[in-house]
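In what follows, every chain begins at residue 1, and chains take the letters A, B, ... in the order their sequences are listed. All heavy atoms count here, side chains included; hydrogens, waters and symmetry mates do not.
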Amino acid sequence: MKTVKTLHRGRAAYWTATFLLLPALAHAAEIPAAPDWPWWIFPLGLFAITTLLGVLAVMAGIGGSVLFVPIVSGFLPFLHLDFVRGAGLLVALTGALSAGPKLIREGLVNVRLAIPISLMASAGAIVGALLGLALPANVVQIALGVVILAMAMVMILVKAEDGVTATKNPDSLALLLGLESVARDPKTGASVTWYPKRLWTGFALFSGVGLMAGMFGLGAGWANVPVLNLVMGVPLKFAVATSYFLLAIADTSAALIYMTRGALLPLIVVPSVLGIMLGAQIGSRILLRTRPVVIRRIVISVLVLAGLRALLRGFGI
Amino acid sequence: MKHHQEQIERHRELSRDINKVFASMETLGVRIGLAVVISAFVLYLTNILPPVIPIADLITLVSVDASTFTSTNHIPVGWAWLRLMGHGDILSLAGIMVLLGSIFLAYLALIPLCLRRKDFIYLALVIVQLAVFVLAGGGWITAGH
């Protein structure tokens, strides 16, 4: 009975989200002027939207900026994407900096691995930020739509690997960088010595992940964790923690580009960062009393709609 | 074998040191950065420190790209905003800079750690990362609409 009720609640929330986004889909081609509101509605509204996004993001187990850029650019279409992406980077960065110290102190971040991959990701993020600011808005919108849809696919299809496998023959680069780590296998409880694998592939992929983070201001935990876990064989717990570390580094590089080009506006950045942080606090309390699977499905549906909307806006439909 | 074990222990010691530096710098960065951002933002919203562009006007100006926005409204780009710290909006940027600066300072603090542990590969990686930050913030690489 309880399950049926939760399912009904999940469906109701799904249709509410769909209903909210449909008008945006219908008016995709229009580039409206700023509405004639009193100025204070803008930061207050942004704070309210981002608080809600913060709640949803925590409950769906994703970073706030992943929802921030597509949804805020959808709800506030008079705001140019440059400023939304700049604020998105700050939302991702503040989230990473807030979660980082605890994870680092608990020894979950593999810093010897994080330093070289952060370097690749931040080089990519600079290129992405420059591309994002240089390309016409409609091209960025189309690319954003594709990336958001890809992200939703990753969330649906990719299942993280929870075990730890001992590395018998670590590759020479892993040995040179001294990447040996010890982790407890959650299945057997035994301590296992492991090295990350496929380092060159990982480095190349992280340049691409950084490029996306810089270009779209999305943060990139959704891509970092699968690359670390599934491609490089980093145990899940370490992959999540290391992802926060490298998010902070890559987003700092991209944010510097946005900042020195006037794309960080405090009126957008500050309410967004505070809203997401408050939402994350509320979300983590509600999380214990809800079914994250239902929330995750709702968030994926919202992402699909937001991705379609970005595509339509990009094509001027 | 003994040499390999010593090397692993040296790597672990450096990792522990790096962890300590990052944990403290990130904690400090978030606390100080957010304190500055929130205080400056209150001064900005209450007009105690008037902004470069009045808030009511700003909302009507943000439908253009960043490059057009800065050029048509004479907004300083690069680091020229540092000269306008008496304005609420610009002071809020300084708080954001503290957040970004905490990462830069953490990397800077890794240089003596790597030197002390004679880990020259990581020393090189740290220096290149710092160069990437400087390149990003320096405004030398340009792109525009």
Within a strict 4.5 Å, meaning less than it, do heavy atoms of the A/L97 and A/Y244 side chains meet?
no

Chain A neighbours within residues 32-40 of chain B, where any heavy atom lies under 4.5 Å away:
B/L34, B/V37, B/I38

Can you check whether A/L177's main-chain N or O pairs, donor with acceptor, with A/R112's side chain at less than 3.5 Å?
yes

Counting heavy-atom pairs closer than 4.5 Å to chain A, which one of B/F104, B/Y122, B/F69 comes out on top?
B/Y122

If one checks every heavy atom of B/M97 against chain A at 4.5 Å, the contacting part turns out to be both

pair A/M120-A/S207: side-chain heavy atoms closer than 4.5 Å:
yes

Taking the side chain as everything from C-beta on, heavy atoms only, tell me whether A/V111 gets closer than 4.5 Å to A/I104.
no

Pick from A/L179, A/V109, A/I249, A/L264: which one has the most heavy-atom pairs with chain B under 4.5 Å?
A/I249

As an exercise: rank B/I55, B/I121, B/I75, B/T70 by heavy-atom pairs under 4.5 Å with chain A and give me the winner.
B/I55

Count the heavy-atom pairs under 4.5 Å between each of B/V77, B/D57, B/L135, B/I90 and chain A, then report the option with the highest count.
B/V77

Where does B/R31 contact chain A at under 4.5 Å (heavy atoms): side chain, backbone, both or neither?
neither

So, taking the atom named CZ in B/F41 and the one named CG in B/L49, what distance separates them when rounded to the nearest 0.5 Å?
13.5 Å

Min side-chain heavy-atom separation A/L44-A/I41 under 4.5 Å:
no

If we ignore angles and hydrogens, is there a donor and acceptor under 3.5 Å between the side chains of B/T68 and B/D65?
yes

Going through the distances and angles, do B/Y107 and B/F22 end up as a ring pair (Phe, Tyr, Trp, His ring centres under 6.0 Å)?
CA-CA 8 Å; B/Y107 265 88; B/F22 268 95; 5.4 Å; yes

Interface residue of largest heavy-atom contact number with chain B, from A/L175, A/T260, A/I268, under 4.5 Å:
A/T260

Report yes if the side chains of A/T167 and A/T193 come closer than 4.5 Å at any heavy-atom pair, otherwise no.
no

If one checks every heavy atom of A/V127 against chain B at 4.5 Å, the contacting part turns out to be neither

Please rank B/V126, B/V128, B/L100, B/V30 by heavy-atom pairs under 4.5 Å with chain A and give me the top one.
B/L100

Once side chain to side chain donor-acceptor pair (under 3.5 Å) is applied, do any residues pair with A/S122, and if so which ones, sequence neighbours excluded?
B/Q129

Are A/R85 and A/Y258 in a cation-pi contact, defined as NZ or CZ under 6.0 Å from the six-membered ring centre and within 45° of the axis?
no

Mind checking side chain to side chain donor-acceptor pair (under 3.5 Å) for A/S253 and listing every partner two or more places apart, or none if nothing turns up?
none

Measuring only between side-chain heavy atoms, which start at C-beta, is B/W81 closer than 4.5 Å to A/M259?
yes

Looking only at B/G138, B/G78, B/G95, B/A106, the option with the highest number of non-hydrogen pairs under 4.5 Å against chain A is B/G78

Please tell me if the side chains of A/Q281 and A/T51 come closer than 4.5 Å, counting only heavy atoms from C-beta onward.
no

Among A/P116, A/P38, A/G107, A/S181, the residue with the most heavy-atom pairs under 4.5 Å to chain B is A/P116

Counting heavy-atom pairs closer than 4.5 Å to chain B, which one of A/V273, A/V270, A/L274, A/I126 comes out on top?
A/V270

Most heavy-atom pairs under 4.5 Å with chain B, out of A/V269, A/L267, A/I257, belong to A/L267

Checking an interface table here. Which of residues 87-94 of chain A come within a heavy-atom distance under 4.5 Å of chain B?
A/L90, A/L93, A/T94

Could you verify whether a donor N or O on one side chain and an acceptor N or O on the other, from A/T242 and A/N110, lie under 3.5 Å apart?
no

Residue, of B/L45, B/L14, B/L93, B/L58, that accumulates the most heavy atom pairs under 4.5 Å with chain A:
B/L93

Which heavy atom of A/P271 sits nearest a heavy atom of A/T50, and at what distance?
O-OG1, 3.5 Å

Given heavy-atom pairs under 4.5 angstrom as the criterion, report whether the side chain, backbone, both or neither of B/L99 touches chain A.
both

Test item: B/H87 side-chain N/O and B/D89 main-chain N/O as donor-acceptor pair under 3.5 Å
no

